[in-house]
Amino acid sequence: MNPSKEARLRACLAELSELLYEDTDPNNLKTLEGIEKSVRQHLLETVGPELGSFLSNRSQAKRQEGNGSSKVASES
């Protein structure tokens with residue numbers, strides 16, 4: 001990853017961290033166990049599914065490019 005992309009990624013992750021922090025019960029942030037559970041919950045419920053969707057869509061697009069055809073081209 002080039003430095004420009006790394007900087008953008010860090011900025012996006014900082015913003016995401018702020019959003020998730022605001023959406024976390026303050027009582028869960030008092031212990032290491034609570035913090036760990038909160039992070040895990042956010043990863044499983046919010047972050048993970050979005051990343052999984054991105055990776056799935058990306059993989060599907062690469063397969064279609066590899067086939068050399070698209071739905072529109074095959075209908076012609």
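Note on residues 43-55: no pairs pass salt bridge (charged side-chain N to carboxylate O under 4.0 Å, His left out), not counting sequence neighbours.
Residues satisfying the side-chain contact (heavy atoms from CB on, under 4.5 Å) test with Val39, not counting sequence neighbours, are Ile35, Leu43. For Glu18, the side-chain contact (heavy atoms from CB on, under 4.5 Å) test picks out no residue, with sequence neighbours left out. In this structure, Glu22 has no salt bridge (charged side-chain N to carboxylate O under 4.0 Å, His left out) partners at least two apart in sequence or on a different chain. Taking Arg8 as the reference, nothing meets the salt bridge (charged side-chain N to carboxylate O under 4.0 Å, His left out) condition, with sequence neighbours excluded. Take Glu33 and apply the side-chain hydrogen bond (donor to acceptor under 3.5 Å, both in side chains) test, not counting sequence neighbours, and it matches Lys37. With sequence neighbours left out, Thr24 forms a side-chain hydrogen bond (donor to acceptor under 3.5 Å, both in side chains) with His42. Partners of Glu6 by side-chain hydrogen bond (donor to acceptor under 3.5 Å, both in side chains), not counting sequence neighbours, listed by chain and number: Arg10. For Lys30, the side-chain contact (heavy atoms from CB on, under 4.5 Å) partners at least two apart in sequence or on another chain are Asn27.
Here the closest heavy-atom approach between residue Thr31 and residue Gly34 is recorded as OG1-N, 2.9 Å.
Only one option out of Asn28, Asp23, Asp25, Leu20 pairs with Ser38 in a side-chain contact (heavy atoms from CB on, under 4.5 Å); it is Asn28.
Side-chain contacts under 4.5 Å among hydrophobic residues (ILVMFWY), followed directly or transitively, place Leu19 with no other residue at all. With side-chain heavy atoms closer than 4.5 Å counting as contact, directly or through intermediates, Leu44 stands alone and belongs to no larger hydrophobic cluster.
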